Number of protein chains: 2
Amino acid sequence: MDKTLCPRFEKAMGLLSQRWTGLIIYQLLAGPQRFCHIESAVGVSGRVLSERLKDLENEGIVKREVFPETPVRIEYSLTEKGRALEPVMREIEKWSKTWLTDNGV
Amino acid sequence: MDKTLCPRFEKAMGLLSQRWTGLIIYQLLAGPQRFCHIESAVGVSGRVLSERLKDLENEGIVKREVFPETPVRIEYSLTEKGRALEPVMREIEKWSKTWLTDNGV
DNA sequence: ACATTAACTTACTTTATGTAAGTTAGTATA
DNA sequence: TATACTAACTTACATAAAGTAAGTTAATGT
């Protein structure tokens, strides 16, 4: 192995290329949301969503806020670092609109 | 489940969020390259690289060219559709430079 | 005839993800 | 008092994806 890639780029790509992570961040661009809402909107299983949100919190990309109501309400939102990924998402959006078709293909 | 995501965006993210795919495309932005060069530059195993290149060829993102020399030379390069992903990669690069540190963290 | 080289494949192990049931905490209802 | 309800997780177990290393192929060169 003689890697030539920038380690920061590699790290960034490593984050985004975990399954579901990109869609979760994209979904959170719409604003703070609860666990079960993200789960159904994105179509990810609770097991993996739980794991991903923890990772993203550790990376400082997502913030978790607890509201002690009944039943407890917990909201996830993007930090500044997380919102900074919006241009990435917009470019993916642009590419997909230009190069992918809407039907099953 | 009541998904709210654009199916084309989902498809695009599905492609990019396969492990290694993003790094392979990024690596190919530097120009046409052979199998074993990509393998060592990116650090992906031959088994998975083979699989990914096939997928990307099927998606019309990567082109495979055979040069009947000895031993045979095969070069992989990005198609127009593939090169159109450059802005995505540049935004990820920007984000990683702004928000990630160079050391192990 | 044997060695060499790139580009794969195959067989097998380890890790990640999907699925579905179970847990926790704080009320509300019978 | 006992049971129910709800969101947010966890756990246990099954399936799918990725890592590792050895093997295959085809066209020379020694």
Side-chain angles (χ1 to χ4, degrees), chain A residues 1-5 10-11 13-28 30-59 62-78, chain B residues 1-5 10-11 13-28 30-59 62-78:
Chain A
M1 268 206 269
D2 77 299
K3 294 201 201 170
T4 55
L5 297 170
E10 231 180 305
K11 169 91 189 281
M13 194 56 98
L15 283 169
L16 293 174
S17 71
Q18 283 213 284
R19 201 179 298 184
W20 301 113
T21 297
L23 291 179
I24 292 167
I25 292 170
Y26 183 76
Q27 177 67 28
L28 285 175
Q33 287 163 61
R34 320 174 63 159
F35 189 93
C36 63
H37 184 248
I38 302 171
E39 187 176 1
S40 65
V42 171
V44 59
S45 73
R47 196 185 83 49
V48 173
L49 179 56
S50 174
E51 203 173 291
R52 290 294 184 276
L53 288 171
K54 252 176 233 164
D55 292 348
L56 290 170
E57 214 189 330
N58 288 335
E59 293 292 340
V62 160
K63 195 179 75 180
R64 180 181 192 270
E65 254 187 308
V66 180
F67 299 87
E69 304 168 356
T70 291
V72 67
R73 179 163 58 102
I74 294 174
E75 283 196 345
Y76 294 92
S77 57
L78 294 175
Chain B
M1 270 207 263
D2 77 297
K3 295 199 198 168
T4 55
L5 296 170
E10 232 179 304
K11 169 92 188 282
M13 194 56 99
L15 283 171
L16 293 174
S17 72
Q18 281 212 284
R19 202 180 297 184
W20 302 113
T21 297
L23 290 179
I24 291 167
I25 292 170
Y26 182 77
Q27 177 66 29
L28 285 176
Q33 286 163 61
R34 318 173 64 158
F35 189 94
C36 64
H37 184 246
I38 302 171
E39 186 175 1
S40 63
V42 170
V44 59
S45 73
R47 196 186 81 52
V48 173
L49 180 55
S50 173
E51 201 173 293
R52 290 295 184 275
L53 287 172
K54 252 175 233 163
D55 291 348
L56 290 170
E57 214 190 329
N58 287 335
E59 293 293 339
V62 160
K63 193 178 76 180
R64 181 181 191 269
E65 254 189 308
V66 180
F67 299 86
E69 303 168 0
T70 293
V72 67
R73 181 164 55 101
I74 293 173
E75 284 196 345
Y76 294 92
S77 57
L78 295 175

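Just so we're clear, the structure is a prediction, and the values are computed from it rather than from any experiment. Lettering of chains follows the sequences in order, A, B, ..., and the numbering in each one begins at 1.
End-to-end axis angle of the helix from C:dA1-D:dT30 to C:dA30-D:dT1, using five pairs per end and rounding to 10°, comes to 30°.
OP1 or OP2 of C:dG18 lies within a sub-4.0 Å distance of a side-chain N or O belonging to A:Trp20. OP1 and OP2 of C:dA6 both lie 4.0 Å or more from every side-chain N or O belonging to B:Arg34. Listed pair B:Ser50 / C:dT9 meets the phosphate criterion, a side-chain N or O lying under 4.0 Å from OP1 or OP2.
Atom pair B:Glu51:CD and D:dT20:C1' shows a separation of 15 Å (rounding to whole Å applied). The distance from atom CD of B:Glu39 to atom P of C:dA7 is 9 Å, rounded to the nearest whole Å. Residue B:Ile38 contributes atom CD1, which lies 10 Å from atom P of C:dC8 at whole-angstrom precision. Atom-to-atom, CZ of B:Phe67 to C1' of D:dA27 comes out at 17 Å; the value is rounded to the nearest Å. Look at CG on A:Leu49: it is 9 Å from P on D:dC9, rounded to the nearest Å. One interatomic measurement links the two molecules: CD of A:Glu65 to P of D:dA8, which rounds to 14 Å at whole-angstrom precision. Put simply, CZ on B:Phe35 is 14 Å from C1' on D:dT24, counting in whole angstrom units. Between the CZ atom of A:Arg52 and the C1' atom of D:dA8 there is a distance of 18 Å, given to the nearest Å.
With values rounded to the nearest 0.5 angstrom, B:Ile38 atom CD1 is found 13.5 Å from B:Arg52 atom CZ. One finds the CD atom of A:Gln18 at 13.5 Å from the CD atom of B:Gln18 (value rounded to the nearest 0.5 Å). To the nearest 0.5 Å, atom CG of residue A:Leu78 and atom CD1 of residue A:Ile24 are 11.0 Å apart.
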>> Checking B:Tyr76 against B:Leu56 for the side-chain contact (heavy atoms from CB on, under 4.5 Å) test, could you report, in this order, the C-alpha distance in whole Å, the side-chain angles of both residues, the deciding distance, and whether it holds?
In response: CA-CA 10 Å; B:Tyr76 294 92; B:Leu56 290 170; over 6 Å; no
>> Set out, in order, the CA-CA distance, both residues' side-chain angles and the distance that settles side-chain contact (heavy atoms from CB on, under 4.5 Å) for A:Leu15 and A:Asp55, then state yes or no.
In response: CA-CA 9 Å; A:Leu15 283 169; A:Asp55 292 348; over 6 Å; no
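Closest to the side chain of A:Lys54, out of D:dT10, C:dA7, C:dG18, is D:dT10. Counting only heavy atoms from C-beta on, A:Arg64 has its side chain closest to D:dA8 among C:dT9, D:dA8, C:dA6. For A:Arg47, the side-chain atoms get nearest to D:dA12 when compared with the rest of C:dC8, D:dA12, D:dT20.
Looking at B:Arg64, B:Arg34, B:Gln33 one by one, the single match for side-chain contact (heavy atoms from CB on, under 4.5 Å) with B:Ile74 turns out to be B:Arg64.
Contact annotation for A:Tyr76: backbone-only contact, meaning every heavy-atom pair under 4.0 Å involves sugar-phosphate atoms and none involves a base. Within the 4.0 angstrom heavy-atom criterion, no nucleotide atom of any strand lies near A:Glu69. Using a 4.0 Å heavy-atom distance criterion, A:Arg19 is classed as a sugar-phosphate-only contact.
For the pair B:Leu23 and A:Leu5, the minimum side-chain heavy-atom distance is below 4.5 Å.
Mapping B:Val72 and A:Pro71 onto DNA chain D via the closest heavy atom, the residue that lands nearer the 5' end is A:Pro71.
Salt bridge annotation for A:Arg19-A:Glu51: absent, with no cationic side-chain nitrogen under 4.0 angstrom from a carboxylate oxygen.
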